[in-house]
Amino acid sequence: MNIQSLHKKLSTLALGEIRYFESIGSTNDEALAWAAQGVSDLSLVIADEQTAGRGRLDRKWFTPKGTALAVSIILRPTSSSHLSRTVGLAALSIADSILKHGFVPQVKWPNDILLNGKKLAGILIETVWSGEHVDSLVIGMGINVNKESVPPAKDLQFPATSIEAELEHAPAREELLHDILSALIARRPQMETDDFLRSWEEMLAFRGQLVQIKAGGEEPVTGELLGLAPDGSLRLLDKHGNNITVHFGDVSLRPTA
Ligand code: BT5
C-alpha cells in the first residue's frame with residue numbers, strides 16, 4: 001500500500017483529500033487536527049502502521065506494520081440530525097465490504113464488528129466542535145486484515161480475528177477500503193430512514209439473548225437484547241419486564257454465560 005496505489009484504487013469515488021503515512025501515532029489524531037483546519041468532506045488519513053492507535057477511553061488499538069487497515073474518514077455533516085447514527089453508518093459500511101465475500105459479520109454494540117463471534121474491527125468516532133455545533137466527525141476504523149494483525153490474547157478483553165483467518169484469503173487493503181468507502185457513500189443519504197435503522201439492527205449480535213452491559217463505574221445492567229432506539233441507543237428488556245435504554249458511552253456488552 002502506498003499513496004499511488006490508494007489514489008489509483010479510490011479514483012472513481014467522490015472523496016476529499018488523502019494523506020497516507022507509513023507509520024503514525026494515530027490516524028484519528030491526524031484527522032482531528034486536519035478537520036479542525038477545515039479540510040473537505042470525505043478526506044482520509046490512512047496508515048500502514050500505528051504506534052499509538054486508540055480505542056475508546058484511550059484503550060490501545062494495535063495496528064502492526066503491513067497487516068491491517070487503519071483509516072480515519074472526515075465527515076462534514078450538513079445537518080445535525082441523526083449524527084448519533086454515524087457509528088451505524090461505519091458498521092454497515094464495514095459489514096457490506098465483508099458480505100461481498102459471502103461472510104455475514106455482526107455488530108457487537110456499540111462499536112465492534114464481529115466475524116464468527118470474534119472481533120474483526122473496531123470503530124472510534126470523534127467530534128470536532130465549533131461552539132455548540134458539530135464542525136466535523138472523524139470515523140476511525142481499524143480492521144484486522146492479515147493474520148499477523150491480531151494481537152496476542154493477553155492484550156485482549158474479547159477474542160479477535162482477521163479477514164485472512166476467517167476467509168482463508170486476505171483482500172488487498174486498498175480494495176477493502178474502496179469497498180467500505182463506496183458502501184459509506186451509498187448509505188450516507190439513507191441515514192435518517194427507518195430502513196437504515198432496520199439494517200443496522202439486523203446486524204446486531206446477541207439479539208434475543210441475555211446480555212450484560214457495564215457502563216463506567218455503574219452497576220451492570222442485565223436484560224434481553226431487543227434492538228435499537230431511533231438514535232442508535234440499545235433497547236433491553238430486564239427480568240421484571242421493564243424496557244431499558246442504554247446510551248452510548250463507555251459501555252461494554254457481553255453475553256451472559
Ligand atoms: C475500538 O475501541 O474498538 C475502536 C478501535 C478504533 C481503531 C481505529 S484505527 C484507525 C483510528 N485511529 C485510531 O487511533 N483509532 C482508530 P474499544 O472498543 O475501546 O476496544 C479497544 C480494545 O480492543 C482494546 O482494549 C483491546 O482489548 C482490543 N484490541 C486492540 N487492538 C485490537 C485489534 N487489532 N483487534 C482486535 N481487538 C483489539
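Both backbone and side-chain heavy atoms feed into the values below; hydrogens, waters and symmetry mates do not. As the structure is a computational prediction, the values presented were derived from the model and not from experiment. Order of listing sets the numbers, starting from 1, for every ligand and every atom in it.
- For the pair D231 and R85, the salt-bridge criterion is not met [side-chain N within less than 4.0 Å of a carboxylate O].
- For ligand 1, the protein residues within 4.0 angstrom (heavy atoms only) are S26, T27, N28, Q50, G53, R54, G55, R56, R59, K60, W61, F62, V71, S72, N111, D112, K119, G122, I123, L124, G140, M141, G142, N144, S149, P151, D155, L156, Q157, A160.
- With a 4.5 Å cut-off on side-chain heavy atoms, D96 and D179 do not count as touching.
- Residue pairs satisfying the ring pair (Phe, Tyr, Trp, His ring centres under 6.0 Å) criterion with at least one member in residues 131-170, sequence neighbours excluded, are listed as follows: H101-H169.
- Residues passing the salt bridge (Lys or Arg N to Asp or Glu O under 4.0 Å) test with D48, sequence neighbours excluded: K65, R173.
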Ignoring hydrogens and angles, write down the donor-acceptor pairs under 3.5 Å from the side chains of residues 13-23, residues two or more places apart or on other chains.
unit_1, atom_1, unit_2, atom_2, d
R19, NH1, E30, OE2, 2.7
Y20, OH, M1, O, 3.0
S23, OG, E49, OE1, 2.7

Exercise for review: Please step through salt bridge (Lys or Arg N to Asp or Glu O under 4.0 Å) for the pair R56 and E126, ending with a clear verdict.
Suggested key: CA-CA 10 Å; R56 292 172 303 155; E126 295 183 293; over 6 Å; no
